[in-house]
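Atom set for the values below is all heavy atoms of this structure, side chains included, hydrogens, waters and symmetry mates excluded. Each residue takes its place number in the sequence, starting with 1.
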Amino acid sequence: MEVTQVLLNAQSIDGTVRKNAEESLKQFQEQNLPGFLLSLSGELANEEKPVETRKLAGLILKNALDAKEEHRKFELVQRWLSLDGNAKSQIKAGLLKTLSSPVSDARSTASQVIAKVAGIELPHKQWPELVGSLLSNVHQLPAHAKQATLETLGYLCEEVSPDVIDQDQVNKILTAVVQGMSASEGNTDVRLAATRALYNALGFAQANFSNDMERDYLMRVVCEATLSPEVRIRQAAFECLVSISSTYYEKLAPYIQDIFNITAKAVREDEEPVALQAIEFWSSICDEEIDILEEYGGDFTGDSDIPCFYFIKQAIPALVPMLLETLLKQEEDQDQDEGAWNIAMAGGTCLGLVARTVGDDIVPLVVPFIEENVTKPDWRQREAATYAFGSILEGPSPAKLIPLVNVALNFMLSALTKDPNSHVKDTTAWTLGRIFEFLHGSAVDSPIITQANCQQIVAVLLQSMKDTPNVAEKACGALYFLAQGYEEVGPSSPLTPFFQEIVQSLLTVTHREDARESRLRTAAYETLNEVVRCSTDETAPLVLQLVPVIIMELHNTVEGQKLSSDEREKQSELQGLLCGCLQVIIQKLGSSESTKYLFLQYADQIMGLFLSVFACRSATVHEEAMLAIGALAYATGPDFAKY
């Protein structure tokens with residue numbers, strides 16, 4: 001069978017040609033698996049063949065060895081292990097030969113396939129000579145073969161668990177990788193492959209990190225690589241440091257000052273991908289210290305495995321100013337972009353982790369920055385000051401924060417409606433949400449929300465829900481935490497007088513044309529649910545009035561007109577939200593006898609709607625409907641039997 005042509009056809013623009021080719025490959029695989037895999041590895045190894053068929057051959061070979069789904073993966077492993085030994089040896093020889101191909105795509109594909117084979121065979125004590133033959137490659141030229149071999153060692157470490165490779169081989173792998181990283185290695189591709197390989201090999205280096213000399217050497221090589229002239233190597237080296245910070249936290253003390261200097265320089269001067277990793281190092285140290293402090297409280301007696309070194313506490317005089325500078329590097333459109341991530345966001349996230357790590361100590365370091373920038377004419381300064389404030393609200397004690405909040409609250413309410421800049425409004429609404437989340441509620445002694453300012457707060461948030469989708473979404477979030485804070489206030493809630501208006505505003509938001517942007521519709525329903533859940537008996541009649549409204553909305557989504565797939569997706573999203581909303585209403589009204597009786601007049605109608613929702617093809621919606629039916633069964637009790 002001429003496999004090259006079939007592989008070319010499998011990538012054809014013509015659907016019929018492509019389908020026929022896929023069918024031929026499938027038949028070949030079923031009729032003669034060893035022959036099929038051999039011809040693929042032969043294709044990949046053959047320098048005469050076109051690059052696109054070599055790449056696809058390698059990819060099909062890789063997929064014949066591994067699958068995401070556990071059960072299927074097990075089948076493929078068994079299938080490979082029971083394959084004829086001769087065929088396997090030929091395939092493996094072809095793969096190793098491909099590592100020295102001049103074609104980079106072929107080398108890279110072979111690297112991945114070798115690692116997959118190793119992942120199957122090494123745990124079964126097969127292919128014991130693999131690591132040795134890879135290592136002998138590393139000391140040979142040409143550079144491209146060296147690069148491919150280091151890449152393979154990296155993938156290999158990712159694929160197998162550390163107990164599969166004995167310490168003697170681990171030492172040799174690390175030696176080869178570190179040599180590849182050293183500045184004396186002239187070839188950039190080799191250094192990059194070596195640095196990435198080290199990242200994967202760090203989990204194997206427990207013994208090496210326990211030895212002072214070896215650890216010093218490894219740390220020196222990584223730190224030197226952060227100064228490489230090639231940006232990808234600097235980024236990969238910082239990724240190694242981030243990994244070391246969590247894997248070997250307890251070994252960092254001698255290096256932490258040097259690492260601070262390197263990261264600070266990168267954050268201030270380097271390109272964004274590198275700077276982001278440099279900030280990530282400190283976020284990772286915070287994560288470690290937060291975990292240790294939560295696990296052992298403040299007392300480090302002999303029984304804690306890892307002591308807390310208080311790296312962050314010692315670093316904050318220099319670390320906090322560095323992070324505050326990053327907040328001024330915002331991007332123009334970051335609020336509209338769901339997946340946005342940049343230096344300012346990374347810096348703010350890290351600042352929030354620092355606040356959780358050191359608590360009150362961060363406050364005096366951040367307040368001057370807020371005071372200095374929050375009224376500046378440049379939006380970047382106002383937004384950064386607000387972001388800094390919002391970031392430190394979790395961690396420090398209420399006693400330390402509440403006086404600041406009392407001063408800032410009026411200013412922020414005014415900024416949320418009057419600031420000319422949308423970024424500033426977005427961050428202001430987010431910060432108000434954090435104030436209500438952490439400093440408002442029955443657990444906090446001195447309330448920040450009083451009869452005097454409650455009405456103004458509600459009015460500002462409802463006004464803000466008419467703003468652009470990203471700002472409105474954050475305003476919904478703030479209202480969510482405002483309602484949650486009044487969950488256990490007894491018979492009367494300060495929100496009662498505004499209940500009708502709040503519910504009406506949230507329903508209006510769900511009907512906005514642009515409600516799908518920035519998750520706005522979802523946020524509005526989540527907030528509506530929370531407002532209902534935390535409401536008191538006084539507002540039960542109003543919750544009851546909401547029932548026919550939501551029933552009508554759900555009824556309108558079920559009336560099936562023929563929809564485009566995008567419309568259908570939009571509709572099932574809405575159905576899920578409405579079922580979730582009904583679930584909360586059912587639980588609320590079902591929890592007291594008086595309202596339950598009035599509510600049950602709607603039970604038949606609601607149950608009918610849930611059943612028609614099952615006719616729609618969306619698993620998430622089915623799940624929401626199931627949960628709501630559960631709530632209905634609980635509320636109706638024995639009467640549920642008829643359904």
Side-chain angles (χ1 to χ4, degrees), residues 15 68-72 338 469 473 476 480 503-504 506-533 542-591 595-643:
K68 281 199 171 63
E69 203 243 325
E70 275 305 313
H71 176 67
R72 175 81 183 131
E338 285 272 306
E473 188 265 337
C476 288
Y480 177 99
V503 169
Q504 198 44 61
L506 285 164
L507 288 172
T508 305
V509 171
T510 66
H511 292 134
R512 279 176 55 157
E513 286 292 309
D514 53 7
R516 282 192 86 187
E517 292 171 35
S518 301
R519 288 187 64 255
L520 178 54
R521 179 177 286 128
T522 305
Y525 276 112
E526 282 171 357
T527 304
L528 177 61
N529 295 351
E530 197 64 4
V531 167
V532 168
R533 195 180 68 76
L542 297 172
V543 177
L544 199 59
Q545 287 174 21
L546 190 56
V547 179
V549 177
I550 303 293
I551 286 179
M552 196 62 211
E553 299 256 334
L554 187 54
H555 177 75
N556 292 341
T557 68
V558 178
E559 284 300 277
Q561 49 303 44
K562 285 275 173 272
L563 294 174
S564 67
S565 65
D566 181 50
E567 287 286 323
R568 195 160 50 235
E569 187 193 342
K570 191 163 141 190
Q571 187 170 6
S572 47
E573 187 185 310
L574 180 57
Q575 279 174 353
L577 293 168
L578 291 164
C579 289
C581 183
L582 278 171
Q583 182 194 341
V584 174
I585 294 174
I586 293 166
Q587 285 165 332
K588 190 73 198 174
L589 296 173
S591 63
T595 52
K596 183 155 102 177
Y597 176 71
L598 291 165
F599 162 72
L600 289 178
Q601 60 179 324
Y602 295 111
D604 286 0
Q605 208 179 344
I606 289 177
M607 192 63 197
L609 280 170
F610 289 154
L611 292 174
S612 48
V613 164
F614 285 140
C616 308
R617 297 197 303 272
S618 160
T620 35
V621 183
H622 292 174
E623 193 178 339
E624 292 292 344
M626 289 284 186
L627 291 166
I629 289 173
L632 188 64
Y634 190 80
T636 50
D639 293 346
F640 190 77
K642 63 176 174 179
Y643 306 128

Using 4.0 Å as the upper bound for N to carboxylate O, is an ion pair formed by Lys570 and Glu573? no
Student check: side-chain heavy atoms of [X] and [Y] closer than 4.5 Å:
| X | Y | value |
| --- | --- | --- |
| Lys588 | Arg533 | no |
| Asp604 | Tyr643 | yes |
| Phe610 | Leu582 | yes |
| Arg512 | Pro469 | yes |
| Tyr480 | Asn529 | no |
| Leu544 | Leu589 | yes |
| Val558 | His555 | no |
| Val549 | Leu507 | yes |

Non-hydrogen atoms of [X] and [Y] that approach each other most closely:
| X | Y | result |
| --- | --- | --- |
| Ala628 | Cys579 | CB-O, 3.7 Å |
| Gln583 | Ala631 | CG-CB, 3.9 Å |
| Cys476 | Leu506 | SG-CD2, 4.1 Å |
| Ala523 | Glu473 | CB-CG, 3.7 Å |
| Thr636 | Ala603 | CG2-CB, 4.4 Å |

Which of Glu567, Gln575, Glu569 passes side-chain contact (heavy atoms from CB on, under 4.5 Å) with Gln571? Answer is Gln575
Per the side-chain contact (heavy atoms from CB on, under 4.5 Å) rule, which among Val584, Thr510, Leu546 passes with Leu528?
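When side-chain contact (heavy atoms from CB on, under 4.5 Å) is applied between Leu528 and each of Val584, Thr510, Leu546, only Leu546 qualifies.
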Under 6.0 Å from the [atom1] atom of [X], do we count more than 12 heavy atoms belonging to anything else shown?
| X | atom1 | result |
| --- | --- | --- |
| Glu69 | CD | yes |
| Glu623 | CD | no |
| Phe640 | CZ | yes |

Determine yes or no for a side-chain-to-main-chain donor-acceptor pair under 3.5 angstrom, with Gln601 supplying the side chain and Leu598 the backbone.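 Flag set: sc Gln601 to bb Leu598 pair under 3.5 Å.
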**Asked** Under 30°, 30 to 60°, or over 60°: which ring-plane class applies to Tyr602 and Phe599, parallel, tilted or perpendicular?
**Response**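 Tilted, since the angle between the ring planes falls between 30° and 60°.
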